[in-house]
Amino acid sequence: MDDQGYRRKSKPVAKLAFRDLELATLADAVPAGPGWVHEVKFDGYRTLTVIDDGAVTMYSRSGLDWTTKYAEIARRLKALKVRNAILDGEIVALNAHGASSFSKLKAELGAGRSEDLQYYLFDLLVLDDEDLTRQPLVERKRRLETLLATAEFENHIIYSEHFAEKANFLPHLCSLDMEGIVSKRGDSIYTGRRSKAWLKVKCHKRQEFVIVGFTESDHAGRGFRSLLLGYYEDGELQFAGKVGTGFNQDTLFDIRKKLDKLKAVPKPFKKLPPDVGPGTWVQPSMVCEVEFTEWTPEGRLRHPSFQGLREDKAATTIGRDKALPVEIAAKAAQAEVEVAAEKPKRRHPAAPLKPGKAGRVDVGGVSISHPDRIVFPDLGVTKLELVRYYEQIAERILPHVANRPLSLLRVPDNVDGQQFFQRHLPEHGGVPNVSDVKIPIKNRTEDYMKIEDARGLLSLVQWGGIEFHPWGCQADTPLLPDRMIFDLDPDPEAPWSSVIEGAAEVRDRMNEFGLISFLKTTGGKGLHVVVPIVPKFGWPAIKGFTKAVAESMAHDSPDRFIANMSKAKRKGRIFIDYLRNDLTSTAAAAFTVRARSGAGVSTPLNWSELKVSLKPSAFNLQTIFRRLKAQTSDPWADYFAVRQTLRPEILQALKLPIE
DNA sequence: GCGCTAA
DNA sequence: TTAGCGCAACGCAGT
DNA sequence: ACTGCG
Ligand SMILES: [Mn+2]
Ligand SMILES: [Mn+2]
């Protein structure tokens, strides 16, 4: 009608293809209110039609091309004068009362006939290169109605009307033999997912079940006595009961034929009520529709009646339908519609990030929520102060955490509350400025986190990250560690002097191997001695070497050091923890804050500071900058300049793999 | 902190 | 809508 | 084989 601009503006349009359908959520009643419109629910095949450049393709709900089954409908659709379009609707066969009949539909299609079918259309996603999916439903339907009025379809292609709220609409439709109602928010967009802005309400309790087996009939000529039904819950097959009525001669015979083709399997249920009797169990692959009056308390169907086989659903997707209380559904729908409306809000370019969320602060290009949240209750340190710490320290910490696989200790509330490690990026959502890095882990590869810059660092803090635990390797050479670490873990009873001596001894032993090492506090009670190395040898070699060093120290000073992680055996000694030296093991980074009261910071030290008077607790998020400002030189200045490696002979002597 | 699922 | 949940995972060591 | 530890 309006703008039928045949002259294209040189825009090469991507070929239109199948896309995921909007699916309705099952509700237990029809939602009320002016925001909702209501349509008849049909009992047929959901069908998406793509018209492109004169070609009509009709897809099933799962994207299968069923055009040839619907040849007559497809032919009629060619009467539409459009360059291209995507239409959504349901293919049905009407019975004598004008209600859609699924069994009649199957009979027609089984006979290869489509000339008596109807296609009810209720949505228009694309028209003449215009994407309508973000338009409100009522607007899409208005365009659809207008479009369908431009051609004569002899009542085979029909606009599915909607109605405003009417008292007793559902009982009325049910008395007319309809399947139910689909209620839709008039202002909802087409998301292509299951949505609560579309709610379906059924007249009868009916749903699909997996056919898990059958029982034999006493009567020759009857294909079977009943079908055994199941559904999946948490990936496990559950028994739902038997259905023995609703069949006719043809369906009995046809289904038995199909069942015989399936492989017999052992009884898939642990315990079954005895009344089920002997049955033949088959591979759970066939799906059928069953109407019933209710679920018994034992979880079985009451008065089930077979309604037909369904071929458009995979067995494993069949679960027990549970209708959502309509009040909850309606609230969720409201929220969905509001969220959808918020997204393209580019009205005021000056608007702050995350409009509608007050009190956010921008730090280094990252929007920080809840800046005043107290993260360290003992010090009263807020989230914003933590963020500012990492902003200030970014230059110093980034060389230790960027471009490597990175694990994170997250604390969404405060350090006295819940804490958890995270090393994968979440499957849904994700974090801005944080990327995936693929790491091969025993014959498969997994995705871990990586950041590259201060924005990534701050994004992780916004995400609740406090402690940064980089892996001992760079992201692009994960199998070749670029540092060794000795993590000195003192027993609570161990004298501080032993820790000091332990670190000094590690340093001296490294010197004997020609290796320069670096000292830092952990932010907690221990110390770290870190040895940067050229990525050259693999983890087994490096771990084996550090283990040998730890065991040698424990051997020489069994009163002070132990190389065994057992806490019981530690008593008053230092555990020389060499186990950090493995692919998936981590250690706290230099300059990371620890998520414990005191907000200790892992602080690089000069070896000259290694004295009993050393007080690691003096270095925390509030005090560290005083120290850094007062320093005339960086004790770790050479950390990234040192290029050193273990001599292969050493590894050989330890019978460790070289390369 | 945040997205998912269930109700 | 709200409530509740998960958010690492592997080798070492002791039983 | 199961459990605590880092
Ligand atoms: Mn430690
Ligand atoms: Mn340790």
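Numbers restart at 1 for each chain; the letters A, B, ... are given by sequence-line order, proteins then strands.
- Comparing the C1' positions of C:dA9 and B:dC2 gives an interatomic distance of 22 Å, to the nearest angstrom.
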Assess whether side-chain contact (heavy atoms from CB on, under 4.5 Å) is satisfied between A:Asn620 and A:Tyr389, documenting all intermediate values.
-> CA-CA 10 Å; A:Asn620 70 23; A:Tyr389 166 79; over 6 Å; no
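- At a threshold of 4.0 Å, the pair A:Arg388-A:Glu391 counts as salt-bridged, since one of the basic side-chain nitrogens sits closer than that to a carboxylate oxygen.
- Between A:His469 and C:dA8 there is no side-chain polar atom (N or O) within less than 4.0 angstrom of OP1 or OP2.
- Listed pair A:Lys569 / C:dA13 fails the phosphate criterion, with no side-chain N or O lying under 4.0 Å from OP1 or OP2.
- Looking at A:Asp491, its side chain never comes within 3.5 Å of a backbone N or O of A:Arg573 through a donor-acceptor pair.
- Side chain of A:Asp582, nearest nucleotide from C:dG11, D:dC5, C:dA8: C:dG11.
- Among the heavy atoms of the strands, none lies under 4.0 Å from A:Glu427.
- A:Ser369 comes within contact range of the sugar-phosphate backbone alone, with a heavy-atom separation under 4.0 Å but no base atom that close.
- Consecutive Watson-Crick or G-U pairing (both distances under 3.5 Å) extending over three or more pairs maps onto DNA chain C as B:1-7 with C:1-7, C:10-15 with D:1-6.
- Atoms CG (A:Asp489) and P (D:dG4) sit 20 Å apart, rounded to a whole Å.
- Following rounding to the nearest Å, A:Leu583 (CG) and C:dC10 (C1') show an atom-to-atom distance of 11 Å.
- For the pair A:Glu179 and A:Lys200, the salt-bridge criterion is not met [side-chain N within less than 4.0 Å of a carboxylate O].
- For the residue pair A:Val593 and A:Glu467, the shortest heavy atom distance occurs at O-CG, 3.1 Å.
- For A:Asn564, a side-chain nitrogen or oxygen approaches OP1 or OP2 of C:dG14 to under 4.0 Å.
- Set against C:dC10, D:dG6, C:dG11, the side chain of A:Thr584 has C:dC10 as its closest nucleotide.
- Aromatic ring orientation, A:Phe591 versus A:His400: tilted (interplanar angle from 30° to 60°).
- Under 4.0 Å is where a charged nitrogen must lie from a carboxylate oxygen, and between A:Lys331 and A:Glu327 no such pair does.
- Of all nucleotides listed (C:dA8, B:dG3, D:dG6), B:dG3 comes nearest to the side chain of A:His428.
- Using cut-offs of 30° and 60° for the angle between ring planes, the A:Tyr639 and A:Trp636 rings count as parallel.
- For A:Arg320 and B:dA7, the CZ to P distance is 11 Å, given to the nearest whole Å.
- Remark: A:Arg410, A:Pro412, A:Gln418, A:Phe420 in residues 408-420 of chain A come within less than 4.0 Å of DNA chain B through at least one heavy atom.
- Looking at A:Thr603, its side chain does come within 3.5 Å of a backbone N or O of A:Val601 through a donor-acceptor pair.
- Looking at heavy-atom distances under 4.0 Å, A:Lys547 makes no contact with the nucleic acid at all.
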